*Asks:* 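Sharing a structure with you now.
Index from 1, following the sequence. Here the structure is a predicted model, which means the values were calculated and not measured. The analysis underlying the following values was restricted to heavy atoms, covering all of them including side chains, and did not include hydrogens, waters or symmetry mates.
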Amino acid sequence: MKNWVTYSFYLIALISITSCKVPYNPPAITAINNYLVVEGLINITDSTYIKLSRTVNLSSTSTTRPELKAVVTIESNTGSSYVLSELGNGSYAAVPLNLSATNQYRLRIKTSNGSQYVSDFTNAMVSPPIDSVSFKATTDLKIYVSTHDPKNATHYYRWDFNEAWEFHPNFKSNYISDGLHIITRQPAQEIWDCFTGDASANITLGTSTQLSQDVISQALVNTIAPDAEKISVKYTIGINQYALTKDAYDYWALLQKNTEQLGSIFDAQPSASIGNIHGVTNPAEVVIGYISAGTVATSRIFITKSQLPNWITTPFYPKCDADSLDCCGPPPPPFPPSTAMFVNFLNPIFQGYLTIQIPIDPILDPSLNIKGWLAAPPKCVDCTLRGSKVPPAYWK
């Protein structure tokens, strides 16, 4: 009885404490957060792409909100102007304009609510060519870029990249269900070989200001773990190189520090990343982004698994097991052919519960008669659930 009374006392106290808790939402989560974000480059020799979005609160379920129905214009210091076309989802573009590298350029934005923004005029920076893209396979696969400016005029560089890779699922399915029977899979029904990709998320910068010559040698742009699926078959990386002004480099360096290098109280504390875009309608309004003008140098390499013979990659789904399905007895129910899957009825303990499987290969008895099938869940067999059977246009 005494123990029960003691237990009841603590239970009541716990309920009282928890019932009195009031959720605390810090200002960073609840404050109105609607800053305009401007991304892109005024490309003087190729197509220009600008992306407009709005920041959201930390408590929001979405990460960004595209800025729609804006009027985006490139302006030069000579008075010329060029209006970009809206592509949708906050993206705006202009066809190659073949602008002069001797002029200065800026971006003017008018949003759907009438607010106007403008970037500072900036010099057009012509990027020197990329000398090489190389890789080293040590504990990781490290990818480097090298460049130099024979005119000794650039000194400040930024790189980003897009990557793509070919991959296979855990199992190759040679068979498919037509709804009534399991038949041989035809080439058009192949789900073994697929392609997917990604884009760089980190900020990669380089400077040669401390050197006597404008040379960047083997700047690290990407690192891939030795067991990554990316290098299980064939991998490619396309690197974009931008020449920056000193102000643009300082902006990106500050943004890099604020977003990537802060991890403890001993690190440098966040600083305001002040870009070169300003509110015209409301000069006090904060605008996020930095607009540069110039050209982009590009280079792409391919790396095959045969170039990394000692590396063993881990499947995207490491825990995939093939099941043994009996073939004896009545055929499976006539599921629609579009499912292209074989349905396995579980053991009697779980009668009525269906597990969708894709047949892989037959199980043969000593007389080479089919006595069952190996099958696995779709995610372990069907590469189209994570990629496309069509390679990128630049694939080779």
*Asks:* I want to check something: taking the side chain as every heavy atom from C-beta on, are Phe195 and Val233 in contact at a cut-off of under 4.5 Å?
*Replies:*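 Not in contact.
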
*Asks:* Treat each ILVMFWY residue as a node, draw an edge where side-chain heavy atoms are under 4.5 Å apart, and state whether Val145 and Val296 are in one component.
*Replies:*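 Different clusters: Val145 never reaches Val296 through Ile, Leu, Val, Met, Phe, Trp or Tyr contacts under 4.5 Å.
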
*Asks:* Is the terminal nitrogen or CZ of Lys136 (NZ for Lys, CZ for Arg) located under 6.0 angstrom from the six-membered ring centre of Tyr144 and within 45° of that ring's axis?
*Replies:*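 Yes.
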
*Asks:* Once rounded to the nearest 0.5 Å, what's the spacing between atom CG of Asp227 and atom CH2 of Trp311?
*Replies:*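 Asp227 CG to Trp311 CH2: 9.5 Å, rounded to 0.5 Å.
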
*Asks:* Measuring only between side-chain heavy atoms, which start at C-beta, is Ile277 closer than 4.5 Å to Ile291?
*Replies:*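 They are in side-chain contact.
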
*Asks:* Please lay out, stage by stage, how Glu86 and Lys69 fare under the test salt bridge (charged side-chain N to carboxylate O under 4.0 Å, His left out).
*Replies:* CA-CA 7 Å; Glu86 184 173 7; Lys69 299 181 180 179; over 6 Å; no

*Asks:* Any side-chain heavy atom of Tyr235 sitting closer than 4.5 Å to one from Thr304?
*Replies:*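 With C-beta onward as the side chain, the pair stays apart.
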
*Asks:* So, do Lys246 and Tyr156 sit near enough that their side-chain heavy atoms are less than 4.5 Å apart?
*Replies:*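 Heavy-atom side-chain distance check passes, below 4.5 Å.
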
*Asks:* Are Lys230 and Glu163 ion-paired here, with the side-chain N under 4.0 Å from a carboxylate O?
*Replies:*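 So Lys230 pairs with Glu163 through a salt bridge.
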
*Asks:* Can you confirm whether Val95 sits close enough to Tyr82 that some side-chain heavy atom of one is under 4.5 Å from a side-chain heavy atom of the other?
*Replies:*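 Counting from C-beta outward, Val95 and Tyr82 never come under 4.5 Å.
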
*Asks:* First locate atom CD of Glu67, then atom OG1 of Thr111, and finally report the distance between them rounded to the nearest 0.5 Å.
*Replies:*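 Answer for the CD-OG1 pair, Glu67 versus Thr111, is 5.5 Å.
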
*Asks:* Should Val221 and Ile303 be counted in the same cluster of Ile, Leu, Val, Met, Phe, Trp and Tyr side chains packed under 4.5 Å apart?
*Replies:*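 Same cluster: Val221 reaches Ile303 through Ile, Leu, Val, Met, Phe, Trp or Tyr contacts under 4.5 Å.
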
*Asks:* Is it true that Arg386 and Glu229 have a side-chain N and a carboxylate O under 4.0 angstrom from each other?
*Replies:*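 A salt bridge is present here (some side-chain N lies under 4.0 Å from a carboxylate O).
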
*Asks:* If you define the side chain from C-beta out and look only at heavy atoms, does anything of Thr196 sit under 4.5 Å from Phe167?
*Replies:*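 Sidechains of Phe167 and Thr196: in contact.
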
*Asks:* Calculate, to the nearest 0.5 Å, the distance between atoms CG and OG1 belonging to Asn113 and Thr281 respectively.
*Replies:*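 Between Asn113 CG and Thr281 OG1, I get 8.0 Å after rounding to 0.5 Å.
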
*Asks:* Any donor-acceptor pair under 3.5 Å linking the side-chain atoms of Arg65 with those of Ser53?
*Replies:*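 No - no donor-acceptor pair under 3.5 Å links their side chains.
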
*Asks:* Sorted by first residue and then second, give each disulfide bond (SG atoms under 2.5 Å apart) pair with at least one member in residues 140-239; sequence neighbours left out.
*Replies:*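 Sorted pair list: Cys194-Cys383.
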
*Asks:* Out of Thr45, Asp46, Leu41, which one pairs with Thr295 under the side chain to side chain contact (heavy atoms under 4.5 Å, CB included) rule?
*Replies:*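 Of Thr45, Asp46, Leu41, side chain to side chain contact (heavy atoms under 4.5 Å, CB included) with Thr295 is met by Thr45 alone.
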
*Asks:* Before you tell me yes or no, could you show the steps for Asp160 and Tyr242 under side-chain hydrogen bond (donor to acceptor under 3.5 Å, both in side chains), namely the whole-Å CA-CA distance, both residues' side-chain angles and the distance that decides it to 0.1 Å?
*Replies:* CA-CA 9 Å; Asp160 60 26; Tyr242 309 88; 3.0 Å; yes

*Asks:* I'd like to know whether Asp214 forms a side-chain hydrogen bond (donor to acceptor under 3.5 Å, both in side chains) with Tyr157, so could you lay out the CA-CA distance, the side-chain angles of the two residues, the decisive distance to 0.1 Å, and finally the verdict.
*Replies:* CA-CA 11 Å; Asp214 194 353; Tyr157 301 85; 2.9 Å; yes

*Asks:* If you group Ile, Leu, Val, Met, Phe, Trp and Tyr by side-chain heavy-atom gaps below 4.5 Å, do Met125 and Ile203 land in one group?
*Replies:*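 Different clusters.
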
*Asks:* Side chain to side chain contact (heavy atoms under 4.5 Å, CB included) for Leu84 and Ile50? Distances and angles first, verdict last.
*Replies:* CA-CA 9 Å; Leu84 278 66; Ile50 302 295; 3.7 Å; yes

*Asks:* Just how far is it from atom CG of Asn103 to atom CZ of Phe121, taken to the nearest 0.5 Å?
*Replies:*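 The distance works out to 10.0 Å.
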
*Asks:* Say you draw a straight line from OG of Ser127 to CG of Leu244; how long is it, rounded to the nearest 0.5 Å?
*Replies:*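 Between atom OG of Ser127 and atom CG of Leu244 there are 9.0 Å.
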
*Asks:* Would a hydrophobic clustering, with Ile, Leu, Val, Met, Phe, Trp and Tyr connected at side-chain separations under 4.5 Å, put Tyr35 with Leu255?
*Replies:*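 Shared cluster, yes.
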
*Asks:* Walk me through it: do Thr384 and Asp382 pass the test side-chain hydrogen bond (donor to acceptor under 3.5 Å, both in side chains)?
*Replies:* CA-CA 5 Å; Thr384 65; Asp382 188 353; 2.5 Å; yes

*Asks:* Would you say that Thr184 contacts Tyr175 through its side chain, given a criterion of any heavy-atom pair below 4.5 Å between the two side chains?
*Replies:*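 Yes, at least one pair of side-chain atoms sits under 4.5 Å.
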
*Asks:* Looking at Arg54 and Glu285, is any side-chain nitrogen of the basic one under 4.0 Å from a carboxylate oxygen of the acidic one?
*Replies:*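 The answer is yes: the pair qualifies as a salt bridge.
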
*Asks:* Check whether the side chains of Gln357 and Asp323 place a donor and an acceptor atom closer than 3.5 Å, and report yes or no.
*Replies:*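 Yes, side-chain donor-acceptor contact under 3.5 Å.
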
*Asks:* Is it the case that the ring center of Trp395 lies less than 6.0 angstrom away from the ring center of Phe302?
*Replies:*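 Yes - the distance between ring centres of Phe302 and Trp395 falls below the 6.0 Å cut-off.
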
*Asks:* Say you draw a straight line from OG of Ser76 to CD1 of Ile44; how long is it, rounded to the nearest 0.5 Å?
*Replies:*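 Between Ser76 OG and Ile44 CD1, I get 12.0 Å after rounding to 0.5 Å.
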
*Asks:* Tell me, do Ile143 and Leu220 make a side-chain contact under 4.5 Å, heavy atoms counted?
*Replies:*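 Ile143 vs Leu220: side chains apart.
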
*Asks:* Do Lys51's NZ or CZ and the ring of Tyr92 fall within the cation-pi criteria of under 6.0 Å and 45°?
*Replies:*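 The answer is no; the distance or angle limit is not met.
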
*Asks:* Between Ser208 and His155, is a side-chain hydrogen bond (donor to acceptor under 3.5 Å, both in side chains) present by the stated rule, with each step listed?
*Replies:* CA-CA 5 Å; Ser208 63; His155 302 298; 3.3 Å; yes

*Asks:* Can you get from Phe161 to Ile231 by hopping between Ile, Leu, Val, Met, Phe, Trp and Tyr side chains that sit under 4.5 Å apart?
*Replies:*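 Linked, Phe161 and Ile231 end up in one cluster.
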
*Asks:* Can you list the steps and then say if Thr298 with Ile239 is a side chain to side chain contact (heavy atoms under 4.5 Å, CB included)?
*Replies:* CA-CA 6 Å; Thr298 63; Ile239 297 179; over 6 Å; no

*Asks:* Quick one: closest heavy-atom pair of Ile130 and Thr147, and the distance?
*Replies:*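 What the structure gives for the nearest pair is CA-OG1, 4.2 Å.
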
*Asks:* For the residue pair Thr209 and Thr207, confirm or rule out a side-chain donor-acceptor distance under 3.5 Å.
*Replies:*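 Distance-only check passes for Thr209 and Thr207.
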
